[in-house]
2 protein chains.
Amino acid sequence: MARTQGSHSDITGPKVRQAALRLFARHGYAAVSMRQIAAEVGVQAGALYNYTPDKQTLLFDLMKTHLDELLAAHDALPGGAMPFPALEAFTRFHIRFHAERPDEVFIAYMELRSLEAGNFARIEALRRAYEQRLEDILRHGVEQGAFAVADPRIAAMALIAMLTGINTGFRRGGRLSLPQVQELYWEMVRKSVAA
Amino acid sequence: MARTQGSHSDITGPKVRQAALRLFARHGYAAVSMRQIAAEVGVQAGALYNYTPDKQTLLFDLMKTHLDELLAAHDALPGGAMPFPALEAFTRFHIRFHAERPDEVFIAYMELRSLEAGNFARIEALRRAYEQRLEDILRHGVEQGAFAVADPRIAAMALIAMLTGINTGFRRGGRLSLPQVQELYWEMVRKSVAA
DNA sequence: GTCTATATTACGATAGAC
DNA sequence: GTCTATCGTAATATAGAC
């Protein structure tokens, strides 16, 4: 066989994003070359530019897609009005969603500094919108008298940091199942904000 | 004494580490060039190699120094035997120590992937040793009946993730003082593990 | 100890053949 | 749409003058 040639845009496009995702998560955006991505896909470096105008846009699109999906998935949650059920739903959702996407999560939190100013602002706004949803749950719970949280803004930040931390340990271990992890974390979250 | 006009090893050495620390934290190890570090110090790139054999060693030394200081500072804490005072001391110590060193913390957590295998193993062992200290406090508290923690290993991971999260918010804000932040976090930590 | 200069390698991105 | 080839630039690290 001489060389592979022909139209593969429908499969190569996703493969490019997938390869970039994996490599950026593992080695970091700046440490990964377009040639490495191309090699992972199975094409030459120049061919990548049929699918992204440049490397920066490739990173931005990965992060934007992830956060759009996060917000959309959270929108689809059955929203409870009661503070504890709402917080529990958020907690279990967050853990499951993030545990299923370790590479996307890693990039979305660690490569913010690799974004150019305009791209950073758009991504940061999405991240902030998600955090706001937890803050709203906490604030509502305080008003209802169910939660005792001195500062909902700080508490939301603290809880999200805690929950997202599963991605450092869950990958290493394998000792516990996802439902077990959800249970352990929900127990801590519940107690930490209970009145 | 017989020092030539261009001799500044006693000041240039620290300046190199300080510049590398700042730039690595801001832009990431892979995105920072030796030329940038040299420019920040005020020398030419070649001169840096009087202070480090290579870029990788420079990163490793920064991380190693940070974790050595962390463990040493924690050793110097007055160690209490009672579960709640011990946990409170750990919590307040962790927050203060990390809030004072945002750049070092950022690097120690985010540039693990930039370390070569051997260096990674040494840094990871130090990080793990610190986490173990919190796990021991939790385990002791459970045995004493003061804490209700189903899995001290996971709980230690969760709490450290939560506490270290201050460095993303504390830099942005300025709304709250360090003692206020310590108080808010200690309240959440205390409740989350209380029996 | 720092400089200038350079060897060597790799990068992102583009052009034109097929 | 992918290839080969290449342009222009910048990287790490070293050598030798001062």
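Everything quoted here is computed from the prediction, not taken from an experiment. Protein chains get the first letters and strands the later ones, always in sequence-line order, with residue 1 at the start of each.
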Less than 4.0 angstrom between a side-chain N/O of B/T12 and OP1 or OP2 of C/dT2, yes or no?
yes

Where the side chain of B/Q44 is concerned, which of C/dT2, C/dC3, D/dG1 is the nearest nucleotide?
C/dC3

By side-chain contact (heavy atoms from CB on, under 4.5 Å), which residues pair with B/A161, not counting sequence neighbours?
none

Looking across every strand, which nucleic acid part, if any, lies under 4.0 Å from A/V32 by heavy atom: base, sugar-phosphate, or nothing?
sugar-phosphate

Can you sort out the partners of A/K191 under salt bridge (Lys or Arg N to Asp or Glu O under 4.0 Å), two or more places apart, ordered by chain and number?
none

Nucleotide D/dG1, atom P - distance to NZ of A/K15 in whole Å:
15 Å

Report the residues that fulfil side-chain contact (heavy atoms from CB on, under 4.5 Å) with A/H140, sequence neighbours left out, ordered by chain and then residue number.
A/P83, A/E143, A/Q144

Does a side-chain N or O of B/S33 approach OP1 or OP2 of D/dA11 to a distance below 4.0 Å, or not?
yes

Scan nucleotides 13-18 of chain D against the protein and return all N/O pairs shorter than 3.5 Å with their distances rounded to 0.1 Å.
residue	atom	partner	partner atom	Å
D/dA13	OP2	B/Y49	OH	3.0
D/dA13	OP2	B/K55	N	3.2

Could you work out, with salt bridge (Lys or Arg N to Asp or Glu O under 4.0 Å) as the rule, every residue matching B/R133, not counting sequence neighbours?
B/D75

List the residues meeting side-chain contact (heavy atoms from CB on, under 4.5 Å) with A/L115, not counting sequence neighbours, and say none if there are none.
A/Q56, A/L59, A/F60, A/M63, A/L112, A/N119, A/F120, A/I123

Between P on D/dC3 and CG on A/N50, what's the gap in Å once rounded to a whole number?
10 Å

Between B/R92 and B/E183, does any side-chain N to carboxylate O distance fall below 4.0 Å?
yes

